[in-house]
Amino acid sequence: MSAAQKVAIVTGASQGIGAAIVKAYRQLGYRVVATSRTIKPSDDPDVATVAGDIGDRATAQRVVAEALARFGRVDSLVNNAGIYIGKPFTENTIDDYNAIMNVNMAGFFHITQLALTEMEKQAAGHVVTVTGSIDNGMSGGVYTGLAGLTKGGLNAATRALAIEYADRRIRVNAVAPGVIKTPMHAEENLKFFGQYHPLGRIGEASEVASAITFLETAEFITGEIIHVDGGQHAGR
Ligand SMILES: NC(=O)c1ccc[n+]([C@@H]2O[C@H](COP(=O)([O-])OP(=O)(O)OC[C@H]3O[C@@H](n4cnc5c(N)ncnc54)[C@H](OP(=O)(O)O)[C@@H]3O)[C@@H](O)[C@H]2O)c1
């Protein structure tokens, strides 16, 4: 193991897009700290796992501490943990609001602060956040008001932090997926969601991971939001 081998933190790593991102970073040769509430230990000695609620600052502190203790550095942070609550806006409860804010917003805030602090010390790093292709809203009974409150904010924060940290050579990007085949969606809804994408299908988790590893290696790109949505953001 080389001391110079880079290290990525991936949140929401137990399944779906997060699990695909862990695999993609390992293929890039990175060591990975993978976190979620239910994540299990890995057989791969270059993957450390930390279980916990990402909305809790103590989890973020344990994840960054594990990256430093096991692998000695933090080069990249992938903020992937997220939940979706799809209801007509006025039917969202205070519990729904608190749940989505906990994962999507607090889950970004705590670990991004802590990872950026480590990246500043080495004057290099990359933060990439999995947001959502809901900038233009959606129609046909797909409710994105509450999700948009969080994902729109994360897109805006991506651009803001890209500028704020550029002088320390830290890049900040986002990937905005359309509907992706993961355990987030019931199998019977997948065909229905396909129609919302000009390419006529939903996406695969590996296709989101590919966009993230592209950004990882595209060293002149910062403040970018790449839509991995079969053309949805361009119109239908
Ligand atoms: N799938 C889509 O169609 C789609 C579309 C647009 C955007 N996205 C975004 O893509 C990201 C990944 O989505 P996905 O489809 O892969 O979802 P998923 O299959 O439901 O996986 C979500 C991941 O987040 C973790 N997680 C949930 N609550 C958590 C908490 N409180 N603390 C720590 N980890 C937590 C889950 O693990 P544990 O249960 O072990 O905690 C799991 O690893 C999310 O940010 C989502 O908003 C997905």
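Whatever order the structure lists ligands and atoms in, that order sets their numbers, starting from 1. When a residue number appears, it is its place in the shown sequence, counting from 1.
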Inset, instruction - Counting heavy atoms only, name the option from S36, A51, G55 that's nearest to atom 38 (P) of ligand 1. - result: S36

Inset, instruction - Considering heavy atoms of the protein only, find what lies nearest to atom 32 (N) of ligand 1 and give residue, atom and distance to 0.1 Å. - result: I54 N, 2.9 Å

Legend entry - Of all pairs that satisfy ring pair (Phe, Tyr, Trp, His ring centres under 6.0 Å), the ones with a partner from residues 17-60, not counting sequence neighbours: Y25-Y30

Legend entry - Residue-ligand contact T131/ligand 1, heavy atom below 4.0 Å: yes

Legend entry - ligand 1 versus A13: contacting region, heavy-atom distance under 4.0 Å: backbone

Inset, instruction - Measure the distance from atom 31 (N) of ligand 1 to every protein heavy atom, then report the residue, atom name and distance (to 0.1 Å) of the closest one. - result: D53 OD1, 3.2 Å

Inset, instruction - Return the residue, atom name and 0.1 Å-rounded distance of the protein heavy atom closest to atom 19 (O) of ligand 1. - result: Q15 NE2, 2.9 Å

Inset, instruction - Check whether the side chains of E216 and S76 place a donor and an acceptor atom closer than 3.5 Å, and report yes or no. - result: yes

Inset, instruction - Name the closest protein heavy atom to atom 9 (C) of ligand 1, giving the residue it belongs to and the distance to 0.1 Å. - result: V130 CG1, 3.7 Å

Legend entry - Close N or O approach (I39, ligand 1; < 3.5 Å): no

Legend entry - Side-chain donor-acceptor pair present, T158, N155, cut-off under 3.5 Å: no

Legend entry - Residue and atom name of the nearest protein heavy atom (relative to atom 41 (O) of ligand 1), distance in Å to one decimal: R37 NE, 2.7 Å

Inset, instruction - Identify, by atom number and element, the atoms of ligand 1 in contact range of P177, meaning under 4.0 Å from any of its heavy atoms. - result: 6 (C), 7 (C)

Legend entry - Closest protein heavy atom to atom 46 (C) of ligand 1, given as residue, atom name and distance to 0.1 Å: M184 CE, 3.7 Å

Inset, instruction - Kindly identify the option in G52, S14, A176 whose heavy atom sits closest to atom 37 (O) of ligand 1. - result: S14

Inset, instruction - Using a 4.0 Å heavy-atom threshold (strictly under), name the region of K181 that reaches ligand 1: side chain, backbone, both or neither. - result: neither

Legend entry - Nearest-neighbour protein heavy atom for atom 2 (C) of ligand 1, which is reported as residue plus atom name and distance: H185 NE2, 3.3 Å

Inset, instruction - Give, for atom OH of Y143 and atom CD of E91, the distance between the pair rounded to the nearest 0.5 Å. - result: 7.5 Å

Legend entry - Nitrogen or oxygen of G132 less than 3.5 angstrom from that of ligand 1: no

Inset, instruction - Determine the interplanar angle of the Y196 and F193 rings, folded into 0 to 90°, and report it as parallel if under 30°, tilted if 30 to 60°, perpendicular if over 60°. - result: tilted

Show every donor-acceptor pair shorter than 3.5 Å between a side-chain atom in residues 104-113 and any protein atom, with sequence neighbours excluded, or say none if there are none.
unit_1: N104; atom_1: OD1; unit_2: I83; atom_2: N; d: 2.9
unit_1: N104; atom_1: ND2; unit_2: I83; atom_2: O; d: 3.2
unit_1: N104; atom_1: ND2; unit_2: T150; atom_2: OG1; d: 3.1
unit_1: H110; atom_1: ND1; unit_2: R57; atom_2: NH1; d: 3.0
unit_1: T112; atom_1: OG1; unit_2: N79; atom_2: ND2; d: 3.0
unit_1: T112; atom_1: OG1; unit_2: F108; atom_2: O; d: 2.6
unit_1: Q113; atom_1: OE1; unit_2: R57; atom_2: NH1; d: 3.0
unit_1: Q113; atom_1: OE1; unit_2: R57; atom_2: NH2; d: 3.0

Inset, instruction - May I ask you to decide whether E207 forms a salt bridge with R201, counting only side-chain N to carboxylate O separations under 4.0 Å? - result: yes

Inset, instruction - Using side chain to side chain donor-acceptor pair (under 3.5 Å) as the criterion, point out the one residue from T222, N173, T217 that pairs with H126. - result: N173

Legend entry - Check ion pair E204-K181 (N to O, under 4.0 angstrom): no

Inset, instruction - Check the pair M119, R168 against side chain to side chain contact (heavy atoms under 4.5 Å, CB included), reporting the backbone distance first and the verdict last. - result: CA-CA 9 Å; M119 292 173 190; R168 277 147 281 180; over 6 Å; no

Inset, instruction - With K87 as reference, evaluate D96, T93, N92 under the side chain to side chain donor-acceptor pair (under 3.5 Å) test and give the passing residue. - result: D96

Inset, instruction - Pick whichever of N80, N104, I17 has a heavy atom sitting closest to atom 11 (C) of ligand 1. - result: N80

Inset, instruction - Just jot down the ligand 1 atoms closer than 4.0 angstrom to any heavy atom of P183, in number order. - result: 19 (O)

Inset, instruction - Would you mind telling me if ligand 1 is within reach of the side chain of T182, the backbone, both or neither, using heavy atoms under 4.0 Å? - result: side chain

Inset, instruction - With heavy atoms only and a cut-off of under 4.0 Å, state how V103 meets ligand 1: side chain, backbone, both or neither. - result: side chain

Inset, instruction - Could you check atom 25 (C) of ligand 1 against the protein and tell me its nearest heavy-atom contact, residue, atom and distance included? - result: G12 CA, 3.6 Å

Legend entry - Atoms in ligand 1 flagged as close to V179, the criterion being non-hydrogen separation under 4.0 Å: 3 (O)

Legend entry - T49/K40 under side chain to side chain contact (heavy atoms under 4.5 Å, CB included): CA gap, chis, key distance, verdict: CA-CA 7 Å; T49 61; K40 303 282 180 294; over 6 Å; no

Legend entry - Side-chain donor-acceptor contact under 3.5 Å, N189 with H185: no

Legend entry - Best match, G178, A20, G18, A81: closest heavy atom to atom 4 (C) of ligand 1: G178

